[in-house]
Amino acid sequence: MRRLLALTAAAFISLPLTPAAAQDGTPGAPGAGDPYFPGQGNGGYDTGHYDLALDYEPTSGRLTGVTRISARATQALSSFNLDLVSTLSVRSVTVNGRAAAFAQSGSELVVTPARSLPSGRDFSVVVRYDGRPVHVVDPDGSVDGWIKTSDGVYNANEPQGAMTWYPGNHHMTDKATYRFTVTVPSTRVAVANGDLLAKVSKGGRTTYVWDSREPMASYLATVSIGKFELADSQLGGYRVITAVDPKLAGDATGFPERHAPVLDYFSSIFGPYPYSSTGGIVDHAPEVGYALETQTRPIYPRVPSESLLAHELAHQWFGNSVTPTLWRDIWLNEGFATYSQWLWLDKIGTRTLQDSFDAAYAPAAEDEFWQTPPADPGGPENLFHDPVYDRGAMTLHVLRREVGDAAFFAILRAWASDYKYGNADTAALIALSERVSGKQLDALFEAWLFKPGKPTL
Ligand code: ARG
Ligand code: ZN
């Protein structure tokens with residue numbers, strides 16, 4: 001702290017405070033440097049908070065949005081970028097309350113403030129925009145982003161959908177807190193992350209205010225809209241907020257009550273649940289097909305099985321609180337969530353952990369399955385392929401066998417607490433595992449995470 005102050009003072013004194021200084025600075029980078037999605041995220045600043053005001057009309061598909069961002073410059077900036085698809089039209093941008101110049105191209109919104117921003121300076125950006133959001137199609141062919149359903153929106157944004165509905169610094173290394181103020185026709189419900197603060201109806205429209213107090217990567221944000229039955233209750237010590245499509249209400253009986261037992265079990269092995277509320281969004285979206293661990297409140301395209309519920313809740317620790325630094329390290333999310341799912345099925349007596357491992361290990365050595373090493377899946381088209389999930393989970397099981405239960409669970413707890421609300425990569429996990437266990441584990445991780453081919457047991 002003291003050293004930081006001294007440095008700041010020195011930097012301050014050496015800066016010439018003349019109008020010419022206002023022209024100093026260079027453009028922030030248009031990407032965060034992730035090889036799988038080079039345009040994702042931006043350089044030169046760090047966001048702290050997003051305040052999103054959204055007004056949506058499901059019949060016309062029209063969205064009107066105001067995004068307010070609080071950020072800090074990490075270099076002297078003559079201009080900086082936000083990520084937003086050009087199918088949405090930006091109407092105005094201000095920086096620190098003054099009109100700023102802007103240009104949209106591809107999924108980049110380039111903002112040139114009236115005065116450049118000195119390094120270290122806090123600043124605020126307000127973007128007004130509107131249009132009809134459409135989802136994107138990912139390299140693996142799945143739909144991602146603002147996905148329209150018959151009655152609203154299934155909003156899942158991993159890995160790149162956030163740019164389809166609000167401007168931001170859309171790489172997972174820049175986490176921020178969020179406030180969502182969403183207005184929809186009163187026949188619909190708008191569900192987002194975190195705690196429901198208010199619900200106000202007026203003139204046939206209802207505004208929902210949601211607050212996400214813990215930092216969040218933008219791929220985990222959601223504003224899902226539809227005909228939902230909303231329930232908000234205190235269950236087993238958790239605030240559980242669920243939204244269920246009435247078409248699925250019959251199958252979803254008891255859905256809120258299913259959360260506390262899973263969260264209690266995971267808390268007992270990973271450490272405290274990291275968020276102020278939980279729950280889930282159960283939409284009828286057979287055309288989407290996949291669920292997502294949207295922060296605090298996963299979204300499901302159907303009523304989840306016990307295994308899927310456990311998977312998405314485990315992600316709240318692994319993926320959401322501890323987030324990778326590059327998409328290539330996605331096995332840190334999916335391998336951990338899959339292993340947690342195996343643990344839960346074992347715990348409730350559905351399937352033993354060994355049976356889950358054996359089934360995953362079963363493919364023959366020649367099988368395509370073994371050709372993708374989970375820690376280096378080769379490209380964005382393989383992000384969510386089976387090896388990332390199953391071989392990732394097997395890696396953890398093999399690690400557990402090697403270091404023993406005590407060290408293994410100490411590693412999981414340390415991973416969750418050392419990197420809480422932050423980012424970490426595979427190298428950090430290997431270092432932590434070696435530190436906690438006191439063992440040399442290079443060969444194990446090399447065989448299981450980095451080399452193609454079926455490792456021997
Ligand atoms: N993280 C999600 C899960 O396994 C999967 C997301 C898949 N996304 C996609 N665009 N294919 O829980
Ligand atoms: Zn997952």
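When a ligand or atom number is given, it counts from 1 through the structure's own listing order. Side chains are part of it too, since the values below use all heavy atoms of this structure and drop only hydrogens, waters and symmetry mates. What you are looking at is a predicted structure, and each value in this text was computed from that prediction instead of being measured.
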Using a 4.0 Å cutoff against the non-hydrogen atoms of [X], which atoms of ligand 1 qualify?
| X | result |
| --- | --- |
| His311 | 3 (C), 4 (O), 12 (O) |
| His315 | 12 (O) |
| Glu334 | 1 (N), 2 (C), 3 (C), 4 (O) |
| Leu292 | 1 (N), 2 (C) |
| Ala291 | 2 (C), 3 (C), 5 (C), 12 (O) |
| Glu312 | 3 (C), 12 (O) |

Identify the protein heavy atom lying closest to [atom], giving its residue, its atom name and the separation to 0.1 Å.
| atom | result |
| --- | --- |
| atom 5 (C) of ligand 1 | Tyr389 OH, 3.4 Å |
| atom 9 (C) of ligand 1 | Ser142 OG, 3.3 Å |
| atom 6 (C) of ligand 1 | Glu158 OE1, 3.3 Å |
| atom 2 (C) of ligand 1 | Glu293 OE1, 3.4 Å |

**Q.** Member of Arg239, Lys199, Arg297 meeting the salt bridge (Lys or Arg N to Asp or Glu O under 4.0 Å) criterion with Asp232
**A.**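 Answer to the salt bridge (Lys or Arg N to Asp or Glu O under 4.0 Å) test with Asp232 among Arg239, Lys199, Arg297: Arg239.
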
Margin query: Within the 3.5 Å criterion, strictly below it, is a donor on Thr47 or Asp174 matched to an acceptor on the partner's side chain?
Written below: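 Short answer, yes.
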
**Prompt:** With under 30° as parallel and over 60° as perpendicular, where do the rings of Tyr339 and Phe408 fit, or are they tilted in between?
**Reply:** perpendicular

The Zn ion (ligand 2) has as its nearest N, O or S atom from Glu334 the atom OE1

Heavy-atom distances under 4.0 Å decide this one: backbone, side chain, both or neither, for [X] against ligand 1?
| X | result |
| --- | --- |
| Leu383 | neither |
| Asp144 | neither |
| Ala156 | neither |

Taking the six-membered ring for Trp, is the centroid-to-centroid distance between [X] and [Y] below 6.0 Å?
| X | Y | result |
| --- | --- | --- |
| Trp165 | Tyr129 | no |
| Tyr389 | Trp331 | no |
| Phe409 | Trp415 | no |

Checklist entry - Does Tyr421 offer a backbone N or O that forms a donor-acceptor pair with the side chain of Ser321 under 3.5 Å? => result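 Yes, Ser321 side chain to Tyr421 backbone: donor-acceptor pair under 3.5 Å.
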
Note to self: Salt bridge check, Arg351 against Asp346: does any charged N sit closer than 4.0 Å to a carboxylate O?
What the structure shows: no

Salt-bridge criterion met for Asp34 and Arg328 (N-O under 4.0 Å): no

